[in-house]
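By convention in this document, chain letters (A, B, ...) are assigned in the order of the sequence lines, proteins followed by strands, and residues within each chain are numbered from 1.
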Amino acid sequence: MNRILITSALPYINGVKHLGNLVGSQLPADTFARYMRLKGHEVLFLCATDEHGTPAELAAEEAGMEISEFCSKMWQSQKTLSDSFNLSFDHFGRSSSKENHELTQDFAKALYENDLIEEIIEKQFFSLNDNRFLPDRYIIGKCPSCGYEKARGDQCESCTKQLEPTDLIDPQSAISGSKDLEIRETKHLYLKQSLMKETLEKWINSKEDWPVLTTSIAKKWLNDGDGLKDRGITRDLNWGIPVKKGKEEWPGLENKVFYVWFDAPIEYIAATAEWEKENNFQAGTWETWWKLNKGAEDVKYFQFMAKDNVPFHTLSFPATLIGSNQSWKLVDYIKGFNWLLYEGGKFSTSQGRGVFMDQALDLLPSDYWRWWLLSNAPESSDSDFTWESFQIGVNKDLSDVLGNFISRVTKFSYSKFGNEVPPLEHFDEQQRILINEISIRLQTLSTNLDNVEIRKSCAELRHLWALGNEYLQSAEPWKVIKDSHAKAGSIINFSFNLIYLYSHISRPFIPSTCDLILDKLNFSKHIIWPGDMENFLKTIGGGHEFEVPQNLFHKISDAQREEFAAKFSGDLNG
RNA sequence: GGGCGCGUAGCUCAGUUGGUUAGAGCAGAACGCUCAUAACGUUUUGGUCGCAGGUUCGAGUCCUGCCGCGCCUACCA
């Protein structure tokens, strides 16, 4: 048994997440966590909302709510949705937690003491009307290069030229539109990660098993231009973690908070402390997961995220952990994902384009989405959600292959033998050959999951399901029963044991369907990853009582598909 | 501009360190079965592996150049 720490990238607080967000980190992480639990490992699977930053403040303002109230509400909403999608987090925390405040401030202190934080005086736009400093992208004006009227202070979206806010002609606040701006001097903190370039590079070069996507992004940042740049870790906002040196005030930074990207990854650690507290575990339990000098040497740590998150997890966060010199556990494997597209274009939270988690569940049960998303996860490149692909994938794999197999076995059995599973005589030649093939394929599935190869795992699982139909077709119990009741019963017994197998190995992918199968077929709720097939496929013996489940999956009709597509076609939320 | 990735059957993709007749699912065709959600099974039709060179006994796999597509480039998270 190993101790396995799994974190999913933190979903941002500003609204309901779409399917692209879901498949980019939380969902594959859940499948991996569930698999590792079935394997008997001690798993700690964590996630939390990422609550700080300007977009959260603006979203709260738009909703007419206090920021703290807004975040609480959105946290509850995201928590409810992740439960509905059966994301099996051991704890779903908040980056605004007391634990994160303390840890973040402690990290800042340690980094400062190790000469890895620098105080820099900068000139920055201050909006008198909004009574706040404005980040570069919240200043708009005319682009000096192409004349575009609504160029942002960091970059002109029209000609893509990189800009400084002071370059803009006739600058104004993007928040209020006010032109009453002045440039003020203000102090900020920078994380001197440039000093850690060699250390980080060596660490990343040692990770030969990471996906190319992950290491190539990290190396690009390490070697781009003058190399790894220092990074500002403070912002002029009200909502966030106040800049402090541990518990002490930080002179000149009294009204500032840490940059969201500094405190968000620290929440992984804080969430562990929250988890400990919530469960009343012995004080210091969280450290056994995170501190190498307190028992974390044997922990294997996996992170899941979309590609936009990779720089922070490969560079800034490790720089924070290493730089503190406090023997923190570093990540062992980073799984990065590309984007999921919606009908060829981008999912967009701001434009309401695509399908969002709450809307998805209004249409169909979670397993339909889980299955399609996992079997089409954007691993090697961006992948495209289309209603047609979704319809075909769900209908074929879930209804025709898995659902129909369970249906034909249970209904045939019930009609011929009543509500008790008939007994197995002994494994015949055909069954032995099949047991052998299943063992091999199960090993492949297991290896794919060990390697966090999500699509391949789905393909292999589907193949295992298909073996059930192939077996039934060639064994032909409906013919055999005319000569031998016992022999037909034996075929059916074996088929029930195949369903028993599927209810275990499918659980990381489609948990609620598996629970339903366990329930209806009266299988034990004690689920493990199967070992020896010969024994495992004898588990359900003769006389086992069951109930015929209703059809587990309903097909998506063409009419339904068209209705969904029309509903979600526009640039407004459906 | 720079960096990275992709381009394999009509569609979506897999192809370990280069090794014999290039694979899967979907779609198409034929046949079979009738237990089942008109579902299932068997067989089968589709590929000069983006283009052009090169290395090699041998290249989808390595090298060079080109074409096309996508992503990233640090104050959106």
Side-chain angles (χ1 to χ4, degrees), chain A residues 9-14 21 50-56 58 124 134-139 152-155 160 162-165 188 193 211-213 215-221 223-225 228-232 235-236 259-261 264 306-312 315-316 338-339 341 349-350 375-376 378-384 386 388-389 392-393 395-416 453 455-456 458-460 462-463 466 468-481 488 491-492 495 550-555:
Chain A
L10 308 187
Y12 198 62
I13 195 70
N14 66 341
N21 298 127
D50 175 12
E51 305 196 356
H52 300 135
T54 314
L58 296 178
Q124 203 181 341
L134 298 174
D136 290 359
R137 62 177 283 125
Y138 284 104
I139 302 160
R152 296 192 321 227
D154 56 340
Q155 185 181 29
T160 74
Q162 304 279 329
L163 301 170
E164 290 298 320
H188 278 288
Q193 49 188 22
V212 184
L213 181 70
T215 47
S216 69
I217 291 173
K219 287 176 185 173
K220 163 70 172 158
W221 280 51
N223 299 306
D224 193 32
L228 188 61
K229 296 183 183 74
D230 293 341
R231 194 172 182 94
R235 290 293 183 273
D236 294 282
Y259 177 40
V260 54
W261 264 118
K307 58 190 171 187
D308 55 332
N309 274 298
V310 169
F312 305 99
L315 304 168
S316 313
N338 288 282
W339 303 125
L341 303 177
T349 303
S350 58
S375 55
N376 292 278
E379 287 180 300
S380 58
S381 59
D382 292 350
S383 64
D384 195 13
T386 66
E388 190 185 359
S389 169
I392 291 171
N395 286 356
K396 206 70 206 168
D397 299 348
L398 297 182
S399 294
D400 294 349
V401 177
L402 178 63
N404 185 44
F405 174 69
I406 292 169
S407 183
R408 53 201 300 210
V409 171
T410 52
K411 286 178 183 171
F412 181 83
S413 186
Y414 188 80
S415 71
K416 306 296 181 190
E453 300 250 38
R455 291 173 84 122
K456 284 183 188 171
C458 288
E460 200 57 41
R462 191 203 127 100
H463 209 124
N469 284 312
E470 287 173 27
Y471 169 71
L472 214 52
Q473 201 63 38
S474 64
E476 298 183 304
W478 50 88
K479 278 187 182 169
V480 171
I481 199 163
I491 293 168
I492 291 302
S495 303
Q550 304 242 331
N551 289 344
L552 294 170
F553 303 99
H554 295 281
K555 291 202 196 193

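- In this structure, a donor-acceptor pair under 3.5 Å is present between the side chains of A:N338 and A:K307.
- Separating the P atom of B:G54 from that of B:U21 is a span of 23 Å, rounded to the nearest Å.
- Only the C1' atoms considered, B:U44 is 39 Å distant from B:U55, to the nearest whole Å.
- Open room surrounds CD on A:E388; 12 or fewer heavy atoms of other groups in view lie less than 6.0 Å from it.
- One P atom belongs to B:G50, the other to B:A9, and the distance between them is 8 Å to the nearest Å.
- A distance of about 43 Å separates the C1' atoms of B:A77 and B:U37, rounded to the whole Å.
- Within the 3.5 Å criterion, the main-chain N or O of A:K396 finds no donor-acceptor partner in the side chain of A:S399.
- B:G46 adopts a syn glycosidic conformation, its chi angle falling within 90° of 0.
- Taking the P atoms as reference points, B:A30 lies 27 Å from B:A22, given to the whole Å.
- Comparing B:U34, B:A74, B:G2 against the side chain of A:K220 picks out B:G2 as the nearest.
- You'll find the side chain of A:V310 stays beyond 4.5 Å of the side chain of A:L213, heavy atoms only.
- Taking the C1' atoms as reference points, B:C40 lies 45 Å from B:C4, given to the whole Å.
- Looking at A:S383, its side chain does come within 3.5 Å of a backbone N or O of A:N376 through a donor-acceptor pair.
- Between B:A27 and B:U16, the distance separating the two P atoms is 28 Å to the nearest Å.
- Residue A:S389 is out of contact with every strand shown, counting any heavy-atom pair closer than 4.0 Å.
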### Summary
Each nucleotide of nucleotides 35-45 of chain B classed B (base within 4.0 Å of a protein heavy atom), S (only sugar-phosphate) or -, in 5' to 3' order, makes BBB-SBSS---

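- Straight-line distance from the CG atom of A:N21 to the P atom of B:C76: 17 Å, rounded to whole Å.
- What separates CG of A:N338 from C1' of B:C72 is a distance of 11 Å, to the nearest Å.
- Looking at the side chain of A:K456, the nearest of the listed nucleotides B:A77, B:G25, B:G15 is B:G15.
- When each of B:G70, B:C26, B:C75 is scored by its nearest atom to the side-chain atoms of A:D382, the top-ranked nucleotide is B:G70.
- In this structure, the CD1 atom of A:I217 is 15 Å from the C1' atom of B:G2, given to the nearest Å.
- Checked by atom type and distance alone, the side chain of A:Y12 pairs as donor or acceptor with a backbone atom of A:H52 at under 3.5 Å.
- The distance from atom NE2 of A:H52 to atom P of B:C76 is 19 Å, rounded to the nearest whole Å.
- With rounding to whole Å, A:L213 atom CG is found 12 Å from B:G70 atom C1'.
- Distance CZ (A:R455) to P (B:U12): 11 Å, rounded to an integer number of Å.
- Heavy-atom distances to RNA chain B give each of A:S383 and A:G53 a nearest nucleotide, and the one nearer the 5′ end belongs to A:S383.
- The side chain of A:Q193 approaches B:A74 more closely than any other nucleotide in the set B:C75, B:G70, B:A74.
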### Task
Run the numbers on A:S495 and A:L472 for side-chain contact (heavy atoms from CB on, under 4.5 Å), then give the verdict.
CA-CA 8 Å; A:S495 303; A:L472 214 52; 3.4 Å; yes

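- Taking the side chain of A:D308 as heavy atoms from C-beta on, and the options B:A74, B:A77, B:U12, the nearest nucleotide is B:A77.
- Stem list for RNA chain B (at least 3 consecutive Watson-Crick or G-U pairs, distances under 3.5 Å): B:1-7 with B:67-73, B:10-13 with B:23-26, B:28-32 with B:40-44, B:50-54 with B:62-66.
- Computed from coordinates, the A:L341 CG to B:C6 P distance equals 17 Å when rounded to whole Å.
- A:E379 has its CD atom 22 Å from the P atom of B:G70, to the nearest Å.
- Among the atoms of the strands shown, only primed sugar atoms or phosphate atoms (P, OP1, OP2) are found under 4.0 Å from some heavy atom of A:S216.
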### Task
Go through the steps to decide whether A:F553 and A:L402 satisfy the test side-chain contact (heavy atoms from CB on, under 4.5 Å), and finish with yes or no.
CA-CA 9 Å; A:F553 303 99; A:L402 178 63; 4.2 Å; yes

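- For A:W339, the listed nucleotide lying nearest its side chain is B:C71; candidates were B:A74, B:C71, B:A77.
- In this structure, the side chain of A:Q193 engages the main chain of A:K229 through a donor-acceptor pair within 3.5 Å.
- Residue contacts shown for A:W261 include a base, since a base heavy atom lies under 4.0 Å away.
- Nucleotides B:C63 and B:C26 have their C1' atoms positioned 37 Å apart, rounded to a whole Å.
- Between A:W478 and A:F412, the ring planes lie perpendicular to each other; the angle is over 60°, past the 30° to 60° tilted range.
- In this structure, A:P135 reaches the bases: a heavy-atom distance under 4.0 Å links it to at least one base atom across the strands shown.
- Between A:P378 and A:W339 there is no side-chain heavy-atom pair separated by less than 4.5 Å.
- Inter-residue side-chain proximity for A:E460 and A:E453 is flagged as unmet; no heavy-atom pair is nearer than 4.5 Å.
- Applying the 4.0 Å criterion to OP1 and OP2 of B:C26, one finds that A:R462 has a side-chain N or O inside that range.
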